[in-house]
> 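Mind looking over this structure? Questions follow.
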Amino acid sequence: MDLARLDTRARDSCLVVRVQGEVDASNASAIGDEIVAEAVSCRAGLVVDLTDTEYVDSAGIRMLFSLRSRLDLGGHRVCLAVPAQSPTRKVLDLAEVRQVIPLAETVDEAMKLSGGGR
Amino acid sequence: MGAGPFQLELPANAGSLARVRHELARWLDASGVGRRQARDVVAACSEACANAAEHAYSAGTGRMRVEAVRERGRVVLSVRDFGAWREPSADPRPAELDRGRGFMLMNGLMDAVDVARNAGGTKVAMSRDLEGTPVP
């Protein structure tokens, strides 16, 4: 079952990858690989936009953490966009995701944090 | 009265998680549980099921059973598997590392989390108080 899909667009020198659907142990690694593959085409910051993501579990959180080690080494800065009212925000806060990856309320703010925004 | 008890038994693998979440969410809605609280219960249940899928069975062929009841002022939920508990290996695979985070999330999302293991398997029992939600 195709639980999640990615929608990627370039904005300024940032790549914004919007994750729609649900991320769990069944698809987290595949989603992570897809995001890393997309990031090859971006010059500076990568924003993972979780605004509309319905669900992220502990495997999805591990995948997000792994993006940092997989991409920061290549010179990209990874940042998450997760508004306070997003479905996944509580779980991401409980897991203290922002201790590992910068987390912003909006895509624009995330772009600034990742160094790719105006 | 609202919905009766929830019961679902299915293969203990990651491919079952979405079905657990979707069916439990429907039941919680039919039971009059508000959306935010339902989301927490569904996430906690999915984590418990992911644990059962990852840790209980080496061959990936076992079953897991999810049961839930709506009591006055709370939802009580259990996830059972029927496999032998596997202790984390000395060099844990990445998925094994999720277990600690999974339990941390369950504890944060629910009001009580209790894990019981015996020769027959593992049972994770959880409950969530439903402040401000009328009993249907």
Side-chain angles (χ1 to χ4, degrees), chain A residues 1-6 19-36 48 50-71 73 80 82-101 103, chain B residues 10-26 28-29 34-57 60 64 79 88 92-111 113 124 128:
Chain A
M1 181 159 56
D2 202 10
L3 272 181
R5 64 185 181 85
L6 304 184
V19 182
Q20 288 177 294
E22 299 169 84
V23 182
D24 68 16
S26 73
N27 65 352
S29 334
I31 297 279
D33 290 347
E34 225 180 303
I35 292 173
V36 169
V48 180
L50 300 174
T51 304
D52 299 324
T53 312
E54 289 294 326
Y55 179 69
V56 171
D57 76 349
S58 53
I61 290 166
R62 173 163 49 87
M63 178 275 283
L64 293 173
F65 287 164
S66 80
L67 289 181
R68 171 121 197 230
S69 48
R70 291 169 80 178
L71 293 172
L73 289 174
L80 306 179
V82 198
Q85 71 277 13
S86 292
T88 62
R89 179 62 181 263
K90 182 168 183 178
V91 159
L92 297 177
D93 283 345
L94 283 170
E96 299 184 327
V97 164
R98 66 194 325 160
Q99 305 280 340
V100 180
I101 310 182
L103 187 152
Chain B
L10 67 189
N13 60 54
S16 295
L17 300 176
R19 192 176 146 206
V20 170
R21 291 195 301 275
H22 300 164
E23 295 204 13
L24 182 61
R26 262 196 296 278
L28 288 164
D29 183 49
R35 210 164 57 136
R36 275 172 183 279
Q37 290 171 320
R39 188 183 286 153
D40 292 351
V41 173
V42 165
C45 180
S46 191
E47 290 293 343
C49 291
N51 271 334
E54 171 57 28
H55 304 295
Y57 303 102
M64 59 186 173
V79 175
R93 287 167 298 123
E96 289 184 72
L97 298 170
D98 293 341
R99 173 155 52 177
R101 189 169 292 126
F103 275 109
M104 190 251 275
L105 292 177
M106 285 182 243
N107 280 306
L109 294 164
M110 304 294 276
D111 290 297
V113 179
V124 178
R128 169 69 191 254

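Within every chain, numbering begins at 1; the chains are lettered A, B, ... in the order of the sequence lines, protein sequences first and strands thereafter.
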> Indicate the atoms forming the closest heavy-atom contact of A95(A) with R101(B), along with that distance.
CB-CD, 4.3 Å
> Please classify the contact between D40(B) and chain A as side chain, backbone, both or neither, with a heavy-atom cut-off of under 4.5 Å.
side chain
> Given heavy-atom pairs under 4.5 angstrom as the criterion, report whether the side chain, backbone, both or neither of R21(B) touches chain A.
side chain
> Could you pull out the closest heavy-atom pair between Y55(A) and S46(B), with the gap in Å?
OH-CB, 3.1 Å
> Restricting to non-hydrogen atoms, name the atom on R39(B) and the atom on P87(A) that form the minimum distance, rounded to 0.1 Å.
CD-O, 3.4 Å
> Which heavy atom of M104(B) sits nearest a heavy atom of L94(A), and at what distance?
SD-O, 3.2 Å
> Closest heavy-atom contact between D24(A) and A18(B)?
OD2-N, 4.0 Å
> Among all residues two or more places apart in sequence or in another chain, which pass the salt bridge (charged side-chain N to carboxylate O under 4.0 Å, His left out) test with R89(A)?
D93(A), E105(A)
> Using side-chain heavy atoms (C-beta onward) and a distance below 4.5 Å, is I61(A) in contact with L105(B)?
yes
> Return the minimal non-hydrogen interatomic distance between A14(B) and S26(A), and the atom names on each side.
O-CB, 3.6 Å
